[in-house]
Amino acid sequence: GIDKASARKALGIDDHFTIVSVGGSLGATAINKMAADLMAWHAPKGEINHFHGYGKNGRERFPKMLRERGLDLSKYPRIKAMEFIDQMHLYLAAADLVISRAGAITISELEAVGAPSILVPYPYAAENHQYHNGMVLQNAGAALVVEEKDYQKEWLIGEVEQFVRDPGRVKAFSENARKLAVTLSRYVTKTPAGIGLGIPETMEMALQECGTLRILFAAFCSVIGKILGRKGWCDIVAGPKARGIDGPTEGTIPPYDHYV
């Protein structure tokens with residue numbers, strides 16, 4: 001995986017504290033509100049990079065939220081708001097803090113890059129599974145979880161301010177997130193040409209640690225996700241047992257057994 005310094009160089013981001021907030025391709029009103037609250041707090045200081053994806057449903061709503069808070073983002077070059085964040089893998093790797101939903105694939109991506117996070121579970125997910133997804137990370141010291149019904153602007157600003165002021169906290173959350181990650185790279189042998197070849201020994205290791213069903217499920221999700229190219233596809237394909245899977249990720253096995 002790419003490291004933070006390389007991701008920032010690729011994106012042209014300096015070494016200031018960097019927040020990435022995103023609510024998925026359709027957007028999430030709660031996360032859009034949180035992003036607007038944070039921007040209103042840190043914009044005048046001009047010390048924080050903030051990249052926000054407001055989603056399709058935020059095209060009109062998010063600019064309105066900014067206007068209500070007296071914000072004109074053209075005056076703040078460190079803040080970028082867009083409908084869709086391209087090269088998300090780079091932004092996640094570059095972030096000091098990510099604010100997002102808590103689908104299992106999102107969480108596996110956060111774990112893979114070691115990104116500290118504030119997770120906002122989708123409240124209407126089956127059996128509230130996103131909350132339980134997020135609590136795996138919170139209990140491991142890798143994330144904070146806040147449900148929409150409990151959100152308070154003062155709490156969010158206070159927690160983010162602690163991350164900004166304490167690099168040690170960012171480092172600890174990042175290390176704890178990485179400890180939860182299970183990646184395919186440990187089971188794949190690279191040839192001189194850079195082509196990954198799963199040899200019998202490494203595949204045997206993968207099967208022993210992850211299980212056949214888990215690996216097959218990961219491959220299945222990747223294929224279907226590329227075909228449908230949309231969020232929420234696993235709810236359609238695999239039903240409610242596909243806990244929170246909301247999009248494919250390359251090179252990462254969804255930590256499915258953590259979240260069921």
Side-chain angles (χ1 to χ4, degrees), residues 2-24 27-55 58 62-63 65-66 69 71-102 106-107 109-121 134 137-138 142-146 148 151-174 176-177:
I2 190 168
D3 60 72
K4 181 179 289 187
S6 299
R8 291 193 174 195
K9 182 177 180 180
L11 295 171
I13 301 174
D14 61 22
D15 61 357
H16 281 237
F17 191 91
T18 298
I19 298 171
V20 173
S21 51
V22 61
T29 299
I31 293 177
N32 284 343
K33 180 180 178 181
M34 293 171 71
D37 286 342
L38 275 179
M39 290 174 184
W41 165 67
H42 68 70
K45 301 177 177 65
E47 299 174 352
I48 294 176
N49 299 318
H50 192 161
F51 301 92
H52 177 62
Y54 52 75
F62 189 66
M65 291 178 182
L66 295 178
R69 292 160 177 78
L71 283 176
D72 178 358
L73 295 190
S74 66
K75 299 179 180 178
Y76 305 107
R78 291 194 179 278
I79 303 176
K80 305 293 183 184
M82 59 210 87
E83 180 175 333
F84 178 77
I85 298 179
D86 196 13
Q87 296 183 304
M88 179 62 78
H89 64 294
L90 290 178
Y91 281 95
L92 292 181
D96 292 300
L97 180 66
V98 175
I99 301 172
S100 72
R101 290 297 196 194
T106 297
I107 286 181
E109 290 170 336
L110 296 173
E111 292 172 349
V113 299
S117 56
I118 294 177
L119 300 172
V120 188
L137 271 71
Q138 177 164 293
L144 300 174
V145 175
V146 58
E148 289 187 9
Y151 170 64
Q152 293 182 340
K153 177 176 68 175
E154 294 75 17
W155 173 86
L156 177 64
I157 291 173
E159 292 295 341
V160 172
E161 191 168 24
Q162 286 188 55
F163 280 111
V164 174
R165 291 182 175 181
D166 186 359
R169 190 186 196 207
V170 175
K171 182 179 179 182
F173 272 59
S174 177
N176 291 335

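Heavy-atom basis, side chains included; hydrogens, waters and symmetry copies ignored.
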### Summary
Those residues at least two apart in sequence (or on a different chain) that pass salt bridge (Lys or Arg N to Asp or Glu O under 4.0 Å) with Asp72 are none
### Message
Would you compute the distance between atom CD of Glu154 and atom CD1 of Ile157 and round it to the nearest 0.5 angstrom?
### Response
6.5 Å
### Arg101 bridged to Glu148 by N-O distance under 4.0 Å
yes
### Query
Ser100 and side chain to side chain contact (heavy atoms under 4.5 Å, CB included): which partner among Ile107, Leu110, Val20, Val120?
Leu110
#### Entry: Ala102 versus Gly134, closest heavy-atom pair with distance
CB-N, 4.2 Å
### Task
Might you point out which heavy atoms bring Leu90 and Ala10 nearest each other, and give the distance in Å?
CD1-CB, 4.1 Å
### Query
If you look at every heavy atom in Ser6 and Asp3, which pair is closest and at what distance?
N-OD1, 2.8 Å
### Rounded distance [0.5 Å steps], CG in Asp37 versus CE in Met65
9.0 Å
### Query
How close do Tyr91 and Ile85 get, heavy atom to heavy atom, and via which atoms?
CD1-CG2, 3.4 Å
### Message
Going by salt bridge (charged side-chain N to carboxylate O under 4.0 Å, His left out), name the pairs with one or both residues in residues 156-170, residues two or more places apart or in two chains.
### Response
Glu159-Arg169, Glu161-Arg165
### CZ-CG distance between Phe163 and Leu144, expressed to the nearest 0.5 angstrom
5.0 Å
### Query
Looking at CG of Leu97 and CZ of Phe173, how far apart are the two atoms once the value is rounded to the nearest 0.5 Å?
9.0 Å
### Message
Ignoring hydrogens, what is the shortest heavy-atom contact between Gly23 and Ile31? Give both atom names and the distance.
### Response
CA-CD1, 4.0 Å
### Summary
One should read off an interatomic distance between Leu92 CG and Ile2 CD1, to the nearest 0.5 angstrom, of 11.5 Å
### Task
Go through the structure and list residues passing side-chain hydrogen bond (donor to acceptor under 3.5 Å, both in side chains) with Thr18, not counting sequence neighbours.
Arg8, Asn49
### Query
With a 4.5 Å limit on heavy-atom distance, are the side chains of Tyr54 and Leu66 in contact?
no
### Task
Any chance you could measure Phe51, atom CZ, to Ile13, atom CD1, to the nearest 0.5 Å?
4.0 Å
### Message
Can you tell me which residue among Val146, Ile118, Val145 is in a side chain to side chain contact (heavy atoms under 4.5 Å, CB included) with Gln138?
### Response
Val145
### Message
Restricting to non-hydrogen atoms, name the atom on Leu119 and the atom on Ala143 that form the minimum distance, rounded to 0.1 Å.
### Response
CD1-CB, 3.9 Å
Run the side-chain donor-acceptor check on residues 38-47: report pairs under 3.5 Å with partners two or more places apart or on a different chain.
{"residue": "His42", "atom": "NE2", "partner": "His50", "partner atom": "ND1", "Å": "3.0"}
{"residue": "Lys45", "atom": "NZ", "partner": "Trp41", "partner atom": "O", "Å": "3.1"}

### Task
Could you list the residues that satisfy salt bridge (Lys or Arg N to Asp or Glu O under 4.0 Å) with Lys33, not counting sequence neighbours?
none
### Query
Any idea how His52 and Phe62 line up, ring-wise: parallel (<30°), tilted (30 to 60°), or perpendicular (>60°)?
tilted
### Query
Can you list every pair that meets salt bridge (charged side-chain N to carboxylate O under 4.0 Å, His left out) and has a residue in residues 77-88, with sequence neighbours left out?
Asp14-Arg78, Arg59-Glu83
### Check: Gly114 main-chain N/O paired with Ser174 side-chain donor or acceptor under 3.5 Å
yes
